[in-house]
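Encoded as structure tokens, the structure appears first; notes follow it.
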Protein chains: 2
Amino acid sequence: MYSQPESRIVIIEDDQTIREGYAYLINHTSPYQVVATYPSFDAAKHKISKDQPDVIILDIQLPGTNGIDALPQLKKLLPQVYIIMLTVYETEKTILDALANGASGYFTKNTPTAKLIEAIKDVLNGGGPMSPDVAKTVILSLQKNPDSPLTKRETQILELITIGKDRGQIAKELFIEVETVKTHTKNIYTKLNVNSKAEAIQVAKDKRLV
Amino acid sequence: MYSQPESRIVIIEDDQTIREGYAYLINHTSPYQVVATYPSFDAAKHKISKDQPDVIILDIQLPGTNGIDALPQLKKLLPQVYIIMLTVYETEKTILDALANGASGYFTKNTPTAKLIEAIKDVLNGGGPMSPDVAKTVILSLQKNPDSPLTKRETQILELITIGKDRGQIAKELFIEVETVKTHTKNIYTKLNVNSKAEAIQVAKDKRLV
DNA sequence: AAAAAAATACCCCCTAAAGGGTGATTTTTT
DNA sequence: AAAAAATCACCCTTTAGGGGGTATTTTTTT
């Protein structure tokens, strides 16, 4: 599926200058048309369905409902819409929350309009555009700790523990005895300085061991 | 920190045509220099430290040690190096494994050299470049299920359960009583059709509820 | 304003799964 | 040859987790 020139864009952004600037440039330098702009989600929510947007450009720091909370609601109103986040926030949590809640792309506000237009094309073609720094943050969030004190087998077992498997399931999955799983678990606990599954999971998440 | 023109590139790729093609184009159309190329990690591992690469372009499907397994070893040999994966595989698991193991970027093999050169610049500047389809896969892997049957509070509690918190910790964290946590947990179990924490975690992961 | 949904809180009972200790053999790496 | 990792076994103890039931308050939706 390729992007259609008629693709309809809505911009939700409280800063009038940015809002109108992007709108003007998209309308005049791209094949897409900005069919509506709103200064807040609350102003948009009752009208946006009528706009039938294909892509929404959504700011995070909005008056009233913020962009993150607006995301699931927009998705509910317009299940097929692609949403590109535009924000000055680039903390890991904000970025991950936005993506978890259904954003298709994420850009920081200094992004030139040309890049944004490219991003619109990307999402319409099924891609997931991000600015380089955002991508970096996402990648870092996925990265495992390369200096894990655990052996390969122990890491494997810890991984299964973190996804909720019990001793029996782990044993079956790895074709080993329950007692062996127990031994590995004990060794894991010793190395991580914990003495329960719950604590092990917490340390694992915290130190990105899995 | 900006990328230095002298930045040193190593290519590890078994297909001679691709390997030499990229090497030639990078050397002749970019400010970077390809200081060595290898057809496999096993061929590279004893010599690559001497090459002092800033960036390694690494194929996944290599004879002998594959690219994913090579990643941690390369990181050990050259802790500061940036690694860009280049592959035909684009399954979620492969991509996530590569990023988890320390890759800085990820491209599919049809990527034009110009994009790859841009990616080299990106990683040297601290970015995390990915081709649009890869980025999309990464974003999808982070996405939550928008049709969760759980309420906000229940989702919150399930989230805490998945990171290994026990009733007491959850209660404390949410400023509610342990008994309330229990009630929520019961409701979660009913909705998810499970009857243990372990199962709940598995369903949560499986259905991307958290 | 009324109804529905969500969040909060308590009580009793009960056991399965988890955790601690100790020891030993086999396989893989260095 | 030595060290590290992975495998398996037996005993014993406990607690955090789970089932059932009931009820009030707060928030949201209609």
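Note on naming: letters A, B, ... go to the chains in the order of the sequence lines (proteins, then strands), and numbering restarts at 1 for each one.
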Side-chain donor-acceptor contact under 3.5 Å, B:Asp69 with B:Asn66: yes
Phosphate OP1/OP2 of D:dA9 contacted by A:Thr180 side-chain N/O (<4.0 Å): no
Does D:dT7 have its OP1 or OP2 closer than 4.0 Å to a side-chain nitrogen or oxygen of A:His184? yes
Do the non-hydrogen side-chain atoms of A:Gln33 and A:Ile9 ever get within less than 4.5 Å of each other? no
Got a donor-acceptor pair under 3.5 Å from the side chain of B:Lys186 to the base of D:dG19? no
In whole Å, what is the span from the NZ atom of B:Lys165 to the P atom of D:dA16? 16 Å
Sugar-phosphate only, base, or nothing, as touched by B:Thr185 at under 4.0 Å among non-hydrogen atoms: nothing
Write down the distance between CG (B:Asp166) and P (C:dA17), rounded to a whole number of angstrom. 19 Å
Which nucleotide sits closest to the side chain of A:Ser196: C:dG19, D:dT7, C:dC10? C:dG19
Residue whose nearest DNA chain C nucleotide is more 5′ - B:Leu174 or A:Thr183: B:Leu174
When the distance from NZ of A:Lys152 to C1' of C:dT29 is rounded to whole Å, what number comes out? 13 Å
Rounded to whole angstroms, how far apart are CD1 on A:Ile188 and C1' on C:dG20? 16 Å
Check every strand shown and say whether A:Asn187 touches a base, only sugar-phosphate, or nothing at a heavy-atom separation below 4.0 Å. nothing
Can you tell me whether the side chain of A:Lys182 and the base of C:dG19 have a donor-acceptor pair closer than 3.5 Å? yes
Check whether any side-chain N or O of A:Thr151 sits under 4.0 Å from OP1 or OP2 of D:dA6, and answer yes or no. yes
Rounded to whole Å, the OH-C1' distance (A:Tyr189 to C:dA17) equals 11 Å
Under 4.0 Å between any heavy atoms, over every strand shown, what does B:Glu179 touch: base, sugar-phosphate, or nothing? Just pick one. base
Does one side chain, of B:Thr87 or B:Gln61, offer a donor that lies under 3.5 Å from an acceptor on the other? yes
Across all strands, who's sitting opposite C:dT15 as a Watson-Crick or G-U wobble pair, both distances under 3.5 Å? D:dA16
Quick one: on DNA chain D, does A:Glu177 or B:Val194 contact a more 5' nucleotide (nearest heavy atom)? A:Glu177
Euclidean distance, atom CG of residue A:Leu150 to atom P of D:dA4 [Å, nearest integer]: 16 Å
I need the CD1-P distance between B:Ile161 and D:dG17, as an integer number of Å. 9 Å
For A:Tyr89, look at atom OH and say whether over 12 heavy atoms of other residues, nucleotides or ligands are found less than 6.0 Å away. no
Regarding A:Tyr38 and A:Asp51, is there a side-chain donor-to-acceptor distance under 3.5 Å anywhere? yes
d(CD1, B:Ile157; C1', D:dG17) in whole Å: 15 Å
